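Take a look at the structure below.
Residue numbers count from 1 along this sequence. Note that the structure is predicted; figures quoted are calculated from it, not measured.
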Amino acid sequence: MALKSSFWKSILLSGCLILFTAGSLWAQRPKVGLVLSGGGAKGISHIGILQAIDSAGLKIDYLTGTSMGSIIGGLYAIGYSGAQIEKISDNLDWDAILSNKPNYSDISIEEKDEYGQYSVELGMKDFKPQIATGLIESEELWLKLNELFLPVYDVKDFSKFNIPFKCIATDLSDGKAVVMQDGEIVTALRSSMAIPSVFTAIDYDSTKLVDGGIIRNFPVTDIKEMGADIVIGVNLFTGLPDISKLNNLLDVFYQITQYRDAEDLVIEKALCNLIIEPPVEDYSAGSFDAKIEIMKIGKEMGKLYYPYFKHLADSLNKLYPVAYSPEGRLPKIEKIVIDEIAFEGISHTSMSLLLDKIQIKPGRAYTASQINKGFRKAYSSRYYDNVYYELKPTSPGHAKLVCKVKESLLTQVKLGLSYHSYTGAALIANLTVRNLFLDKSRTMVKIAAGEYFRALIEHRQAFGPKANNYVNLSWRSENLPLNLYDDYEKISLYNVKYWQFDLNYTRVFGTNWSLTSGFKYHKNTFSPEVADGFKIKGNNKNFYGFMRSASKTTDRHNFPTKGYEFSTEAGIVFDRKAKLEIYNKEGQSIDTSELINGKPEFYRFMINFSKYHPINQKFVFLYNLKTAVSLNSQGFIFDNFYIGGVEQLSERQAVFVGLNEGQITSRSLSSVLLGVQYNFSGNLFLTGKANTAIYNYSTLFNIYDEAELKWINGFSLGLGYNLGVLPMEFTAMYSPEIGTIYSHVKIGFLF
């Protein structure tokens, strides 16, 4: 704002002060009201104004806000200082708040296999897709607000806050303003910022509420009705932005909410004694990635207006002395004793499932973060679209916990596109039904229809007091190519049809660690499409008993920035049978009677560990350690490990950059990979990797083979785009032992 404009506004404010102080001997202290408008990410600039007000020692008597102004205003009203609100803003994960999904790290490990692996997910009811009133439920917003407003959990009249407060929402049924002044503060704030078609509407009495910015983005009328004599307004809406600045969905819908506000603003501004308009026109409602820059603008405006805040505070305190400090206004409540637990909204899921997840016991004291941890775990179970809570005070320091549940539809249809250099193009479709046969179960049918058909049918049944024990039964079928190499030269292309039954028991510890034991029955059918040399036709079958341990703490599936992935498995392959037809180069049949049938069992061991360590906001250092060994194996190619590729596509694949999938087959491998991931712009990533490995060393202890120990190296450089509905990655690879540059493309999701 121009300094000249600021000067005339200060003159106007001074004139108001003269009028109010003219009969000071008998007049009451004038009441100062503060109005904070909505503006999405631009509302972060409000914080700098609050800090200047605190520094000046100016006591605010009433406060109103809309949308983002209601969030920041509500925090200030209950007692947070401007400095405290800045710390809160710095620590907020806006990506999580503006997401409709739980954090990947909060997803229990038994659900991570399917989480975030589709472009579209729709709930089905009576064979019809169900569309919500908005794209974002924002579980994280509910929980974060509950945590921040815990100190006033027992205050249901907003006029009883340290600063009397009101916020504005819009009645979706008639388009009229709803002034929120009592009840649940978190519900009120969530209603005030429910941007239509972005955030879901909030149930309220017999109607639904959405963003108050539609009808009154700058609620000065309301603060005048509260009794404010001097009104300071912080307005972030200076007109509809140019259409070229609407960069995302949030921007577009926020633009829609402001059509009416453009008319109302003239009336509301006329009621202010001082209007502050931070110059944030270069930013949009969705510019949360620019929160540092927006915060800086707010602080600069706070410094500019500090003399006027100070003058007003000193003038009022001289005539009407009051004891006031901006610090120490927040009630001191750290823990709440939960006397009882109630439920609202549960119909087709069980209370025991929710209790298993939240792990809250009546009679015990909990912090807000402890309560939130349980509700995040419940939300991450994928049984709920939204699950949060309200605290109903029973006695000082005690409350009744009311679980507010919006259940996910039990039937979900999911679709995703896939293109991979090895598996080709496919449409991935998934039908998931929960509680189909018994409570706490997940039944899933998944297919990939494309160049190569793949299918999975799985039923998972949870049981136990914490629902952390699972019995899993699955059938998988895949029809994928297998390239065979001789000294790294491709000599054959096989069509391999593979299927397996898997029955196992899994115990989950916490969120990220599981132990599994079980049996699998495999069958491979194979025939050559192209062969130079020996030709093999037929099938082989075997049983596999195994034990596996897995842990995963990464922050996301694609392009992780922190956390680790660990898995180890040991098993025995037994009861091996085969029916083979083998022909040499001249087409003569070779006796196969002793090749597999009657051979003893062999043992398989695998361990894989990856770690992602953030260096700063842009760079991530990563490394991987891997070992895979088969002992007592006869070296039949379909028993070996397939070395090569960038992503894990099959259970016996040993990923190794620089090689194509299965370019080397071996009974043993140990490798080390080092890499750096650089986020150079938005969701664009550049990743460089180098790995080295030794293989064939298990043959040194094997009476069936005299093959020699070998060494291989590989390098890759990849460019990736982490678009949620269609992630992409393009990689160039090279191995000096082979001397060939390979390209690798992945678009969409893996089966």
Side-chain angles (χ1 to χ4, degrees), residues 40-42 44 89-99 101 103-105 116-117 119 244-251 280 282-297 417-421 553-565 610-624 645-648 655-658 672-691 714-735 741-750:
K42 295 184 287 186
I44 294 172
S89 176
D90 289 342
N91 293 327
L92 284 179
D93 184 350
W94 286 105
D95 288 338
I97 287 175
L98 297 174
S99 168
K101 297 179 179 180
N103 289 330
Y104 188 71
S105 57
Q117 295 299 297
S119 302
S244 64
K245 295 182 180 179
L246 304 182
N247 298 319
N248 54 52
L249 187 65
L250 186 63
D251 295 342
V280 290
D282 290 339
Y283 302 93
S284 68
S287 297
F288 289 99
D289 57 343
K291 65 180 182 181
I292 296 176
E293 293 81 0
I294 296 173
M295 181 75 74
K296 183 178 179 181
I297 291 173
L417 296 176
S418 175
Y419 175 80
H420 192 278
S421 299
T553 66
T554 49
D555 58 341
R556 56 192 180 196
H557 182 78
N558 297 307
F559 308 102
T561 63
K562 60 182 178 180
Y564 66 85
E565 301 175 17
S610 297
K611 182 72 168 67
Y612 301 86
H613 179 73
I615 301 172
N616 53 39
Q617 291 184 339
K618 293 290 187 179
F619 281 96
V620 174
F621 171 70
L622 59 100
Y623 64 88
N624 171 268
V646 179
E647 291 96 12
Q648 192 82 27
V655 171
F656 190 88
V657 299
V672 177
L673 178 146
L674 300 176
V676 175
Q677 177 178 284
Y678 176 58
N679 178 206
F680 61 89
S681 177
N683 287 315
L684 286 171
F685 293 84
L686 189 67
T687 306
K689 298 177 181 178
N691 51 195
F715 306 89
S716 72
L717 184 65
L719 178 65
Y721 183 46
N722 193 25
L723 179 64
V725 296
L726 200 70
M728 306 176 188
E729 189 167 8
F730 308 91
T731 305
M733 304 186 298
Y734 177 76
S735 172
I741 296 176
Y742 296 114
S743 63
H744 171 277
V745 178
K746 186 194 82 169
I747 300 175
F749 305 93
L750 300 177

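- Ser287 is listed as a side-chain neighbour of Asp289, based on a closest heavy-atom distance under 4.5 Å.
- Across every non-hydrogen atom of Gly286 and Ala41, the tightest pair is C-CB, 4.3 Å.
- Annotation: side chain of Leu622 is in contact with side chain of Gln677 (closest heavy-atom distance under 4.5 Å).
- Using modelled atom types and a 3.5 Å distance limit, the side chains of Ser610 and Asn624 yield a donor-acceptor pair.
- In this structure, Ser418 contributes its side chain and Gly748 its backbone to no donor-acceptor pair below 3.5 Å.
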CA sep, side-chain torsions, deciding dist, call: Thr687, Leu717, side-chain contact (heavy atoms from CB on, under 4.5 Å): CA-CA 6 Å; Thr687 306; Leu717 184 65; over 6 Å; no
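- A donor-acceptor distance shorter than 3.5 angstrom exists from the side chain of Lys291 to the backbone of Asp90, with no hydrogens or angles considered.
- Residues Leu674 and Phe621 have side chains in contact (heavy-atom distance under 4.5 Å, counting atoms from C-beta outward).
- Counting heavy atoms from C-beta on, the side chains of Leu723 and Asn683 never come closer than 4.5 Å.
- Here the NZ atom belonging to Lys689 is positioned 14.5 Å from the CZ atom belonging to Phe715, to the nearest 0.5 angstrom.
- Here the side chains of Lys746 and Glu647 are in contact, with some heavy-atom distance below 4.5 Å.
- The two residues Ile44 and Met295 have their closest heavy-atom pair at CG2-CE, 3.7 Å.
- Ring pair Tyr678/Phe619: centre-to-centre distance below 6.0 Å.
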Candidate pair Phe749 and Leu417, rule side-chain contact (heavy atoms from CB on, under 4.5 Å), full reasoning: CA-CA 6 Å; Phe749 305 93; Leu417 296 176; 6.0 Å; no
Verdict with supporting geometry, His557 and Gln117, side-chain contact (heavy atoms from CB on, under 4.5 Å): CA-CA 9 Å; His557 182 78; Gln117 295 299 297; 3.1 Å; yes
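- Nearest heavy-atom pair across Ser735 and Gly658 is CB-O, 3.7 Å.
- From Thr553, atom OG1 reaches atom OH of Tyr612 across 10.5 Å, with rounding to the nearest 0.5 Å.
- A pairwise comparison of heavy atoms in Asn722 and Pro727 identifies OD1-CB, 4.4 Å as the closest pair.
- Taking OG1 of Thr561 as the start and CG of Asp555 as the end, the distance is 3.5 Å to the nearest 0.5 Å.
- Here the closest non-hydrogen pair linking Val657 and Leu673 is CG2-CD1, 4.4 Å.
- Side-chain contact between Arg556 and Thr554 is absent, with no heavy atoms from C-beta onward closer than 4.5 Å.
- Atom OH of Tyr721 and atom CD1 of Ile747 lie 13.5 Å apart (nearest 0.5 Å).
- Under the 3.5 Å distance criterion, the side-chain polar atoms of Asn691 are matched with a main-chain donor or acceptor of Gly714.
- For Ser716 (side chain) and Met733 (main-chain N/O), no donor-acceptor pair under 3.5 Å exists by modelled atom type.
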Residues Phe685, Phe559; criterion ring pair (Phe, Tyr, Trp, His ring centres under 6.0 Å); working and verdict: CA-CA 8 Å; Phe685 293 84; Phe559 308 102; 4.7 Å; yes
side-chain contact (heavy atoms from CB on, under 4.5 Å) between Leu750 and His420, intermediate numbers included: CA-CA 8 Å; Leu750 300 177; His420 192 278; 3.7 Å; yes
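- Using modelled atom types, one side-chain atom of Ser421 and one backbone atom of Val745 make a donor-acceptor pair closer than 3.5 Å.
- For the atom pair CG (Asn558) and OH (Tyr104), the distance works out to 8.5 Å, reported to the nearest 0.5 Å.
- Counting heavy atoms of neighbouring residues, nucleotides and ligands inside a 6.0 Å radius, atom NZ of Lys296 does not exceed 12 of them.
- No side-chain N or O of His744 forms a donor-acceptor pair with one of Glu729 less than 3.5 Å apart.
- Across all non-hydrogen atoms, the minimal contact from Ser89 to Trp94 is O-NE1, 4.2 Å.
- With Asn103 contributing its side chain and Ser105 its backbone, the two residues share no donor-acceptor pair below 3.5 Å.
- For Ile741, the CD1 atom sits in a loose shell: 12 or fewer heavy atoms of surrounding residues, nucleotides or ligands are nearer than 6.0 Å.
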